[in-house]
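Okay, structure first, notes after.
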Amino acid sequence: MPMTTPITQDVLTIPRKLPVSARTNIVGLTRPALREALIAAGTPEKQAKMRLGQLWQWVYHWGVRDFALMTNLAKDYRALLAEHFTIDLPEIVTRQISEDGTRKYLVRIAGGHEVEVVYIPETDRGTLCISSQVGCTLTCSFCHTGTQKLVRNLTAAEIVGQVMMARDDLDEWPVPGAPKEEVRLISNIVLMGMGEPLYNFDNVRDAMQIVMDGEGIALGRRRITLSTSGVVPEIARTATEIGCQLAVSFHATTDEVRDVLVPINKRWNIATLLEALKAYPGLSNSERITFEYVMLDGVNDTKEDAHRLVKLLEGIPAKVNLIPFNEWPGAPYKRSSGNRIHAFADIIYKAGYASPIRTPRGEDIMAACGQLKSATERARKSKARIEAEAGLV
């Protein structure tokens with residue numbers, strides 16, 4: 001298929017009516033957009049650059065939400081900001097903390113929609129997994145989000161807001177005057193939550209540019225990984241317009257199997273995807289592509305699969321993350337045995353590729369993507385049914 005094929009979603013989405021506000025949410029505005037908004041609100045053009053820098057630092061470095069606390073701004077200017085702007089984040093609906101420290105959030109965004117965010121603490125890092133869409137169109141058969149219909153793309157504000165919300169919950173914002181703390185609780189971000197990021201490219205790009213900005217949250221581009229199922233025409237743009245690390249939700253070594261596991265493969269098959277990855281700008285041994293490979297018992301976990309995968313990776317600086325399947329109620333697959341996973345990993349490793357086996361995290365809180373939202377919706381339906389049967393509604 002030509003690389004110029006337009007990127008369109010496979011379904012028409014009709015979002016719920018969104019609230020209309022006379023004030024503009026600062027969160028999610030890029031620097032140029034925020035500058036224009038400040039001028040439109042009455043900021044003298046000659047002061048706009050300075051005011052932008054001050055406001056940006058208050059919002060994204062210090063995490064301040066109240067204009068009245070922005071003490072290096074004059075009181076009348078703070079009043080002007082409060083009249084024209086808000087600083088709004090997604091609302092936490094539920095928060096669950098696993099025995100292993102994993103935190104899973106169900107957060108509500110504009111229109112009453114809900115998405116998931118997961119924080120995974122490790123000894124040397126803390127990874128925040130964020131969502132880019134409400135639901136998903138891709139219907140990957142092993143993914144719980146694939147059982148949920150796509151509702152809409154998240155805005156840049158809603159994507160950045162997930163990061164800020166998690167920093168709130170972890171109490172990670174720096175304190176003015178306190179010694180600088182070099183250890184960050186959220187040291188890495190992965191766009192591996194609900195949705196396909198490359199079907200929401202512009203909002204994801206704007207949000208990540210805000211997250212990477214050195215005067216704000218200031219996470220370096222190598223600390224951000226975008227995971228795609230293989231939207232081939234947008235892969236090169238990811239390198240040039242975002243510059244983050246790339247991960248590919250791969251999961252199979254033949255088109256026959258991948259067509260079932262990752263149906264987007266019917267549009268851009270393995271050969272087409274690998275061709276785009278080999279041409280990925282800036283690809284090197286120091287910035288490898290991560291191939292995500294969920295281990296499904298009797299589906300994609302044979303030694304023959306491992307050897308085929310090695311052959312497919314030739315010419316691509318890569319590492320392979322082997323992911324034990326995080327089973328969910330009603331899932332059509334089972335997790336591969338530990339012996340089978342380790343044998344698979346050994347073949348990949350001996351071929352010269354890193355092949356870490358991901359330790360399952362947060363299984364006691366259903367931390368696999370999409371599980372918490374679905375469980376919450378089932379609980380609500382049950383409650384509604386009970387109330388209806390009791391004549392309460």
Side-chain angles (χ1 to χ4, degrees), residues 5-21 23-30 33 86-94 104-118 128-140 143-166 189-211 226-231 233-234 237-238 241-242 249 262-264 267 368-378 380-381:
T5 301
I7 303 302
T8 57
Q9 307 253 11
D10 295 328
V11 297
L12 175 65
T13 63
I14 305 175
R16 302 174 196 172
K17 186 175 180 181
L18 302 183
V20 178
S21 173
R23 297 188 294 168
T24 299
N25 187 12
I26 283 174
V27 176
L29 295 180
T30 61
T86 63
I87 305 172
D88 294 330
L89 303 185
E91 170 196 358
I92 296 178
V93 178
T94 62
K104 184 154 192 176
Y105 309 92
L106 187 68
V107 300
R108 183 173 294 128
I109 58 174
H113 308 301
E114 293 167 350
V115 296
E116 296 177 1
V117 184
V118 179
L128 187 71
C129 181
I130 62 176
S131 297
S132 57
Q133 295 180 311
V134 186
C136 189
T137 62
L138 297 185
T139 63
C140 297
C143 176
H144 205 277
T145 303
T147 66
Q148 302 168 15
K149 294 181 180 179
L150 176 73
V151 178
R152 68 171 173 86
N153 288 332
L154 297 188
T155 66
E158 291 161 346
I159 297 170
V160 175
Q162 294 172 63
V163 180
M164 299 173 72
M165 173 276 300
I189 290 174
V190 293
L191 285 145
M192 296 183 184
M194 300 174 69
E196 165 56 63
L198 296 189
Y199 272 155
N200 187 18
F201 186 91
D202 290 351
N203 287 320
V204 167
R205 176 200 59 211
D206 290 351
M208 292 306 99
Q209 287 178 351
I210 291 169
V211 168
L226 182 150
S227 176
T228 178
S229 293
V231 185
E234 301 286 38
R237 289 184 69 196
T238 302
E241 297 185 34
I242 303 176
S249 190
V262 190
I264 196 176
R267 189 171 185 181
C369 185
Q371 290 185 358
L372 179 58
K373 182 182 178 187
S374 289
T376 302
E377 289 180 348
R378 284 196 301 270
R380 287 173 180 162
K381 289 177 184 177

* Step-by-step side chain to side chain contact (heavy atoms under 4.5 Å, CB included) determination, I130 to L191 -> CA-CA 5 Å; I130 62 176; L191 285 145; 3.7 Å; yes
* **S131 (side chain) donor-acceptor with E116 (main chain) under 3.5 angstrom** => yes
* For R205 against E241, the heavy-atom pair lying closest together -> NH1-OE1, 2.9 Å
* Structure fact -> On a heavy-atom basis, the closest approach of V262 and S249 is CG2-O, 4.2 Å
* Drop me the distance from I159's CD1 to M208's CE, to the nearest 0.5 angstrom. => 6.5 Å
* Structure fact -> By side chain to side chain contact (heavy atoms under 4.5 Å, CB included), I210 pairs with (sequence neighbours left out) W56, Y60, V160
* Heavy atoms only: give me the nearest A207-A156 pair and the separation to one decimal. => CB-O, 3.8 Å
* **Side-chain heavy atoms of I264 within contact of V231, under 4.5 Å** => yes
* Measure from the side-chain N and O atoms of S227 to the backbone N and O of M192, and report whether any donor-acceptor pair falls under 3.5 Å. => no
* Asked: Do the side chain of N25 and the main chain of D88 share a donor and acceptor less than 3.5 angstrom apart?
  -> yes
* Asked: Can you name the salt bridge (Lys or Arg N to Asp or Glu O under 4.0 Å) partners of E158, sequence neighbours left out?
  -> R152
* To do: Starting at CD of E196, measure out to CD of Q133 and round the result to the nearest 0.5 Å.
  => 7.0 Å
* Asked: Atom CG of L226 and atom CD1 of I189: how far apart are they, to the nearest 0.5 Å?
  -> 11.5 Å
* Asked: How many angstroms lie between atom CE of M165 and atom CG of L89, to the nearest 0.5 angstrom?
  -> 8.5 Å
* Asked: Hey, does the side chain of N200 reach the backbone of N153 with a donor-acceptor pair shorter than 3.5 angstrom?
  -> no
* **From CA spacing to verdict: side chain to side chain contact (heavy atoms under 4.5 Å, CB included), L29, T24** => CA-CA 9 Å; L29 295 180; T24 299; 4.0 Å; yes
* To the nearest 0.5 angstrom, please state how far the CD atom of Q162 sits from the CG atom of L154. => 6.0 Å
* Structure fact -> Rounding to 0.5 Å, atoms CZ (F201) and CZ (R237) come to a distance of 4.5 Å
* Structure fact -> Applying side chain to side chain contact (heavy atoms under 4.5 Å, CB included) to E91 and not counting sequence neighbours gives R108
